[in-house]
Amino acid sequence: MNAKMRIGSVIGLILFIIAGVVIPARASHIVGGEVTYTCSGNNIYNIAITIYEDCLTGDPQAIAEDNPAYFRAYDGSGNVFNTQGIMVLNASEAPQSGYCDSAYFNPASDNILVPTNFSNACINHAPSTCLRKKTFRKTYYLPPNATGYMIVYQRCCRNASIINLVNPSQIGATYYCTIPPASLAQCNNSAVYKNYPPQIICINNPLYYDNSATDADGDSLSYQFCDTYVGGDENNAKPIPNPPPYTPVTYVSPFSYSNPMEGNPGIQIDPVTGIVSGTPNLLGRYVVTVCCLEWRNGININTVKREFQFVVTNCSKAVVADIPQLSTQANTYVVNCSDYTVKFLNTSVGGFQYDWDFGFPGATSTDFEPTVTYPDTGTYIVKLVVNKGSTCPDSISRLVKVYPKFNVSYSVSGLQCPGSPIAFTDQTFSTYKPISSWVYNFGDGTPVADSENTTHVYAQGGLYYAVLSATNQKGCIDTAIKQVLVEKFTPFAGNDTTIVKGEHIYFYATGGSQYTWTPATNLSDTTIPNPVGYFPDTGRFAYNVHVVSSFGCIGDARIMVYVVGQPAFFIPTAFTPNGDGRNDIFKPTTIGYSSLNYFRIYNRWGELIYNSHTLEVGWDGTYGGKPVEMGTYYWLLSTIDRNGTVEKYKGDVTLIR
């Protein structure tokens, strides 16, 4: 194609876009993508946008329309760097010089069918797969500035079957890279991922995927799950990229960018090695985005994102190498903080030969579940190969961290009484400091405390199991449990009492081992729990008893004594025995009477239905174990006063239900 024809094609496309006609490239086919770059010197940056296409179920027309691809460069303030407009290069054409917003593409080297990386003979119920990797390239001259640059690509649409995103088929993706300002790095090269993403993951099989990268500049790299962004939609599936900021996708609960898949153990990424691990336990297609952070002199100078879809299918591997993950840390078998010896568990399937490498010179074994003693503290990579050299081998690597010793302990001090502050003091020993977290669970249902030392107040007495869990910087976790006995301390002076003048009353306080009564008026002794009170005259008398328990708990209780001039009794005219706890029992209350001869109740036919010789009980409205009818009932009462005189009374009561 000559220059005139090329320019005519460009103008035609520009008019097509301006007229509002949308390129019909919105079918679901985009599986993932990433943007990387190299610097060839003199501020020349070679940009590579890689997209992964679903060539099994993706729309062929949409796949064809991925070429050409549109890039756009923005400075760190979000301003368009290139103002020359939209330029298009066909796949067969060489790149032009200048600041173009389009990309070039070599069908021979940049259009690759990604290998499945598994043999059908080693996978039961292996699904059909087809994944195509396309890489579009662009060369920019980017003069140094104070804010750096962002190179952006946007495309729609994603697979409709994605289960961790809301409306996945209606949103596209935004892929970008950032070029740091000259003050942080000059002529930086981005990190580059080493491996292809996995095409399938068998449900309930351990996932071990190396998502690490290399960096030509030797920068330190760390890894984490990160957010995924929308870009383009059904109405504009192949947009000229918009400036930042970009909108994160909406996840279906309980998924999030940091929890993108279901698993047991959960899906994690090791921040140091980039290993993605876990055991997926829910079928489906999941969007997962990993960020590789570049660090230079302790500063994050760049982040390379890779977005991909992990497909969990109902297949199974004929041979599965598996060392269980016993630690909460990513891809870590165990963090051993007690000694140097580790017993390995082997949960592999389909194996007949096991080759272990424990991560230090000369440390190997062919035992099914070996035990090894490590020579020193540190983090070791343990590798297990199952059926090495056979048709279907499998392997897995886990981390083992050896950092003895770490022993959690704490002390409890203070008055162990209800309402009193009790001090919890950490006494944990850790060879490797600092200790990074403490969590106290006091065992009484109250919120936990997350400080090194704390105080707690128990509202009630009882035996509680208090637990301290602590963690140090090496990931050592330990717990300590103590019994905290809080005295069931309830000072009690007795119930308020009414007596006739000239009578004695016997006090009876409880709840402790030491008692002090105030005031001393009318009391035989003020330092015992059960003094005798004599009241020669009428009045109201209030007493306080100060109680000290054997634990040292301190409290007070009060009692009122009402002294009247002559004996009396009180009896209600109605009661309601309906079981609500109020006015359910019919009985007299007497003052100054020494005993009861009888308390009898009759129905309207004169039949005796209740008879008692004590004032402690009362009638509950039943006869023969069955409730009686509503109505009026008659009672007779015979008492003996303190002078020995018999007195008789009668009346009626209304029973209401």
Side-chain angles (χ1 to χ4, degrees), residues 117-119 121-124 194-195 198 201-202 204-212 223 263-280 316-407 431-432 472 474-478:
N117 291 326
F118 64 83
S119 167
C122 301
I123 299 290
N124 298 319
K194 295 187 294 186
N195 297 318
I201 301 169
C202 294
N204 297 322
N205 280 204
L207 168 65
Y208 181 83
Y209 163 51
D210 184 355
N211 198 82
S212 62
Y223 306 89
N264 184 22
I267 308 304
Q268 301 170 300
I269 185 167
D270 190 298
V272 177
T273 65
I275 300 296
V276 177
S277 62
T279 301
S316 62
K317 296 165 65 176
V319 177
V320 179
D322 189 29
I323 307 170
Q325 180 179 321
L326 303 183
S327 169
T328 58
Q329 297 190 27
N331 199 43
T332 300
Y333 169 62
V334 71
V335 181
N336 189 4
C337 300
S338 57
D339 54 29
Y340 293 90
T341 300
V342 177
K343 166 69 176 178
F344 284 92
L345 300 178
N346 186 346
T347 51
S348 302
V349 175
F352 57 81
Q353 178 182 328
Y354 305 93
D355 290 87
W356 295 81
D357 185 327
F358 301 110
F360 63 96
T364 61
S365 175
T366 57
D367 292 343
F368 179 70
E369 291 188 332
T371 298
V372 64
T373 299
Y374 283 88
D376 200 354
T377 58
T379 297
Y380 298 86
I381 299 176
V382 178
K383 184 174 183 178
L384 170 62
V385 180
V386 178
N387 301 351
K388 184 177 181 180
S390 69
T391 302
C392 295
D394 196 28
S395 64
I396 190 171
S397 295
R398 296 277 197 214
L399 300 179
V400 170
K401 301 180 180 182
V402 182
Y403 292 104
K405 289 186 174 181
F406 183 68
N407 300 109
T431 302
Y432 297 91
N472 71 3
K474 295 297 185 180
C476 296
I477 301 174
D478 193 22

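The side chain to side chain contact (heavy atoms under 4.5 Å, CB included) with K317 is formed by just one residue from the set D394, N124, V349; it is D394. None of L384, V320, I323, I396 except one satisfies the side chain to side chain contact (heavy atoms under 4.5 Å, CB included) rule with S348; the exception is L384.
Looking only at side-chain heavy atoms (C-beta outward), S397 and K383 come within less than 4.5 Å of each other. With a 4.5 Å cut-off on side-chain heavy atoms, C337 and K474 do not count as touching.
We find the NZ-OG1 distance between K405 and T431 to be 8.5 Å, quoted to the nearest 0.5 Å. Put simply, OH on Y209 and CG on N331 are 14.0 Å apart, with the number rounded to the nearest 0.5 Å. To the nearest 0.5 Å, atoms CZ (F406) and CD1 (I477) are separated by 8.5 Å.
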Exercise. So Y432 and T377, side chain to side chain contact (heavy atoms under 4.5 Å, CB included) or not? Walk me through it.
Worked result: CA-CA 10 Å; Y432 297 91; T377 58; 2.9 Å; yes
Exercise. Would N387 and F352 count as a side chain to side chain contact (heavy atoms under 4.5 Å, CB included) if you check the C-alpha gap in whole Å, the side-chain angles of each, and the deciding distance to 0.1 Å?
Worked result: CA-CA 6 Å; N387 301 351; F352 57 81; 3.3 Å; yes
Exercise. Could you walk me through whether Y354 and T366 pass the side chain to side chain contact (heavy atoms under 4.5 Å, CB included) check?
Worked result: CA-CA 5 Å; Y354 305 93; T366 57; 5.9 Å; no
For this session: Decide yes or no on side chain to side chain contact (heavy atoms under 4.5 Å, CB included) for D322 and R398, but give the supporting numbers first.
Result: CA-CA 9 Å; D322 189 29; R398 296 277 197 214; 3.6 Å; yes
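The shortest heavy-atom contact between K194 and S212 is CE-OG, 2.6 Å. Among all heavy-atom pairs drawn from A321 and P206, the shortest one is O-CG, 4.0 Å. Listed here is the closest heavy atom pair of C202 and S316: SG-N, 3.6 Å. Taking both residues in full, the closest heavy atoms of P324 and L345 are given as CD-O, 3.4 Å, listed atom of the first, atom of the second, then distance. Nearest heavy atom pair, residue N211 against residue Y223, reads O-CE2, 3.9 Å. Contact between Q329 and V335 at its shortest, heavy atoms only, is NE2-CG2, 3.9 Å.
Between Y333 and F344, the ring-plane angle classifies as parallel under the 30° and 60° cut-offs.
S390 places no side-chain N or O within 3.5 Å of a backbone atom of K388 that could act as its donor or acceptor partner. Of the possible polar contacts, none joining the W356 side chain to the V382 backbone as a donor-acceptor pair under 3.5 Å is found. Of the possible donor and acceptor atoms, none in the side chain of N264 sits under 3.5 Å from a partner among the backbone N and O of T279. Side-chain atoms of D357 come within 3.5 Å of backbone N or O of G359 as a donor-acceptor pair.
Side-chain contact check for Y403 and T379: at least one donor-acceptor pair (N or O, by modelled atom type) lies under 3.5 Å. Under 3.5 Å, the side chains of T341 and D339 contain no donor-acceptor pair of N or O atoms.
For CD1 of I381, the number of neighbouring non-hydrogen atoms (other residues, nucleotides, ligands) closer than 6.0 Å is 12 at most.
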Between side-chain atoms of residues 267-274 and protein atoms elsewhere (two or more places apart, or another chain), which donor-acceptor pairs fall under 3.5 Å?
residue : atom : partner : partner atom : Å
Q268    : OE1  : Q325    : NE2          : 2.5
Q268    : NE2  : T328    : O            : 2.7
D270    : OD1  : V272    : N            : 2.8
D270    : OD1  : T273    : N            : 3.1
T273    : OG1  : I275    : N            : 3.3

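N205 is linked by a side chain to side chain donor-acceptor pair (under 3.5 Å) to nothing, counting only residues two or more places apart in sequence or in another chain.
A centroid separation of less than 6.0 Å is found between the aromatic rings of F360 and Y374.
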